[in-house]
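See below for the structure under consideration.
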Amino acid sequence: MRTWIRDPLAILGEGAERGLIVEGTRIAARVGRSETPERVDAVFDASRHVVLPGLINTHHHFYQTLTRAHPSAINKALFPWLVALYPIWSRLKPNHIHLATRLALTELLLSGCTTAADHHYLYPAGLENAVDIEVEEALSLGMRMTVSRGSMNLSVKDGGLPPDSVVQDEDTILADSERVLKLFHDPKPGARIRMALAPCSPFSISKALMSESARLAGLYDCQLHTHLCETEDEERFCLDMYGLRPVDLLEETGWMSSRAWLAHGIHFNAEEIARLGKAGVGVCHCAASNMVLASGICRTCELEAAGSPVGLGVDGSASNDSSNMMEAVRHALMIGRLRYGADKVTHFDALRWATEGSARCLGRSDIGKIEEGREADLALFTLDEARFSGAHDPLAALVLCGAHRADRVMIAGEWRVVDGDPVGLDLGALIAEHRAAARDFA
């Protein structure tokens with residue numbers, strides 16, 4: 001089946017002014033300004049739609065959708081915020097993760113997101129199969145996902161930040177990491193599920209766990225992920241605990257390669273940015289979360305200029321309080337202009353970070369761009385709401401006027417959102433179930 005996505009209002013794809021041809025799961029051709037395709041089996045009239053490559057979220061904590069705007073954590077910086085929430089999160093059960101994952105993925109999908117990375121690192125007793133649950137939910141919804149097998153093995157008694165009840169020992173972590181890699185990781189182009197190994201952060205993991213995770217990632221050809229340089233507290237912790245700055249810790253543990261991508265990446269100095277760029281280490285910019293927790297502003301332009309892929313992430317829904325990738329694009333644009341100037345960061349930059357840049361962070365060259373051979377992952381937005389009335393540039397309007405819900409979303413050539421609703425899912429029932437689960441943490 002060859003389907004022509006025909007005559008879009010605007011499209012983020014060079015040489016595709018009249019749209020694109022989808023064949024099977026992939027983009028077969030772009031249709032240029034003066035072209036008409038010779039053979040198509042079906043046509044979708046996109047004249048009301050602005051067409052983007054599917055947005056790619058490179059950092060999230062799905063479980064946190066259950067503790068948004070929680071009174072224990074409001075108006076706190078990162079470390080006291082974590083200390084307040086760890087005891088609450090220690091009560092997570094499998095049914096909570098099922099609902100939190102389903103809700104987070106649906107919320108992302110409705111915002112135009114087609115691939116999501118989640119960083120799950122909490123393993124209280126009874127939650128040992130959290131990865132299996134996330135894979136099940138992603139496949140059920142038809143989403144692509146990089147499931148990051150997170151880990152923490154440094155608790156309060158060891159000088160770390162998390163309580164004993166949510167950490168695991170190194171042997172347990174590494175054994176389960178191998179288990180889920182063997183079960184779920186698919187490195188081939190077009191993969192629905194990939195795994196990454198993701199020791200949580202310098203203040204909750206040992207150097208040995210970081211080194212062993214890097215060894216396993218090389219063995220199984222998967223990505224590595226962690227929080228790094230999110231706050232100045234973290235930098236002080238690393239200096240006190242290891243006598244190293246966070247980037248030096250990466251170097252010593254074998255993480256300085258394009259296999260790794262980092263969440264936040266705020267407090268790098270110029271020399272560290274040059275080293276990260278030379279190594280091809282990716283950085284996920286989490287603008288909203290960084291603003292809510294007052295952590296700082298990622299140096300996106302310097303990182304990208306140095307050679308680091310820059311992607312976007314919504315981060316946890318207890319720090320951002322939202323799982324919306326179009327909002328993340330707008331936040332990245334606004335805070336980027338605040339840092340660099342109104343003429344230095346454009347809507348094209350922010351959209352590139354959410355698509356091509358995010359794909360590079362996840363080690364993928366098969367998604368993130370509208371061109372032949374890439375997966376047919378698309379997000380289509382209309383400009384029919386009052387917020388867009390009077391807008392002259394459709395692509396700029398998506399970002400500047402604050403688009404937040406896609407009208408259509410395609411993943412691997414199949415519509416997963418139609419007329420603004422997720423296909424095959426009762427959204428009202430899901431919200432009701434999710435809210436009931438969230439009351440367990442009230």
Side-chain angles (χ1 to χ4, degrees), residues 1-56 108-115 142-144 324-326 329-330 347-348 350-352 354-356 359 366-424:
M1 174 71 76
R2 286 171 60 88
T3 300
W4 180 12
I5 311 294
R6 188 184 70 189
D7 294 328
L9 183 63
I11 186 167
L12 187 65
E14 187 177 350
E17 293 83 4
R18 294 208 65 200
L20 64 147
I21 306 296
V22 173
E23 186 169 4
T25 69
R26 297 185 180 180
I27 297 169
R30 288 168 286 179
V31 184
R33 193 181 311 278
S34 59
E35 298 175 348
T36 300
E38 292 183 2
R39 181 181 68 83
V40 294
D41 303 302
V43 174
F44 176 79
D45 180 1
S47 58
R48 292 174 52 243
H49 294 89
V50 181
V51 181
L52 304 179
L55 305 179
I56 301 168
L108 287 166
L109 180 64
L110 291 172
S111 73
C113 178
T114 54
T115 300
M143 292 271 294
R144 294 190 203 279
N324 191 301
M325 272 300 290
M326 275 308 301
V329 173
R330 189 168 191 263
H347 61 285
F348 289 115
L351 288 167
R352 183 182 67 256
T355 52
E356 293 178 66
D366 58 339
I367 57 175
K369 197 172 183 180
I370 293 175
E371 66 179 18
E372 291 79 2
R374 300 241 184 180
E375 291 294 303
D377 294 0
L378 305 169
L380 284 68
F381 296 82
T382 62
L383 303 183
D384 299 337
E385 297 174 73
R387 71 178 68 215
F388 300 114
S389 183
H392 295 265
D393 182 318
L395 280 167
L398 283 186
V399 184
L400 295 172
C401 302
H404 67 279
R405 187 158 181 166
D407 182 66
R408 288 252 175 173
V409 177
M410 176 180 282
I411 302 176
E414 296 184 359
W415 294 116
R416 305 306 308 174
V417 172
V418 173
D419 297 332
D421 291 318
V423 173

- Donor-acceptor pair, Arg416 side chain versus Leu109 backbone, under 3.5 Å? no
- So, for Gly368 and Ile56, which heavy atoms are closest and what is the spacing to 0.1 Å? CA-CD1, 3.8 Å
- Item | Any residue meeting side-chain hydrogen bond (donor to acceptor under 3.5 Å, both in side chains) with Asp384, in chain and number order, not counting sequence neighbours | Arg48
- Message: When you measure from the side chain of Arg330 to the backbone of Val399, do you find a donor-acceptor pair of N or O atoms at a distance under 3.5 Å?
- Response: yes
- Arg405 to Phe381 - nearest heavy-atom pair and separation: O-CD2, 3.5 Å
- Query: With a 4.5 Å limit on heavy-atom distance, are the side chains of Asp407 and Leu380 in contact?
  - Reply: no
- Ala16 to Ile11 - nearest heavy-atom pair and separation: O-CG2, 3.2 Å
- Item | Exercise: identify the closest heavy-atom pair between Gly413 and Val22 | CA-CG1, 4.0 Å
- Item | Side-chain heavy-atom pair Ile367, Pro53 within 4.5 angstrom cut-off | no
- Message: Tell me the closest heavy-atom pair linking Glu17 and Gly15, and the distance in Å.
- Response: OE1-C, 3.4 Å
- Not counting sequence neighbours, which residues clear ring pair (Phe, Tyr, Trp, His ring centres under 6.0 Å) with Phe388? List them please. none
- Roughly how far apart are Ile27 CD1 and Glu375 CD, rounded to 0.5 Å? 8.5 Å
- Note on the structure: Rounded to the nearest 0.5 Å, the CE atom of Met410 sits from the OG1 atom of Thr25 at a distance of 11.0 Å
- Query: How long is the span from the CG atom in Asp377 to the CG atom in Leu52, to the nearest 0.5 Å?
  - Reply: 12.5 Å
- Query: Do Asp366 and Arg374 sit within salt-bridge range, that is, some charged N less than 4.0 Å from a carboxylate O?
  - Reply: no
- Task: Kindly compute the distance separating CG (Leu395) from CG (Leu9), expressed to the nearest 0.5 Å.
- Result: 8.5 Å
- Message: Test side-chain contact (heavy atoms from CB on, under 4.5 Å) on Thr355 and Leu55; report intermediate values, then the result.
- Response: CA-CA 5 Å; Thr355 52; Leu55 305 179; 3.9 Å; yes
- Do Leu378 and Thr114 have side-chain heavy atoms sitting under 4.5 Å apart? no
- Message: Check this for me, if you would: do Glu372 and Arg30 make a salt bridge, where the nitrogen-to-carboxylate-oxygen distance has to be below 4.0 angstrom?
- Response: yes
- Task: Could you tell me whether the side chain of Arg2 and the main chain of Ile21 form a donor-acceptor pair under 3.5 Å?
- Result: no
- Assess whether side chain to side chain donor-acceptor pair (under 3.5 Å) is satisfied between Thr382 and Arg408, documenting all intermediate values. CA-CA 9 Å; Thr382 62; Arg408 288 252 175 173; over 6 Å; no
- Item | Closest non-hydrogen atom pair between Pro394 and Ala10, with its separation | CB-CB, 3.7 Å
- Backbone N/O of Thr36 and side chain of Trp4: donor-acceptor pair under 3.5 Å: no
- Between Ser111 and Met325, is there a donor-acceptor pair closer than 3.5 Å when you use the side chain of the first and the backbone of the second? yes
- Message: To the closest 0.5 Å, what do you measure between OG (Ser34) and CZ (Arg18)?
- Response: 9.0 Å
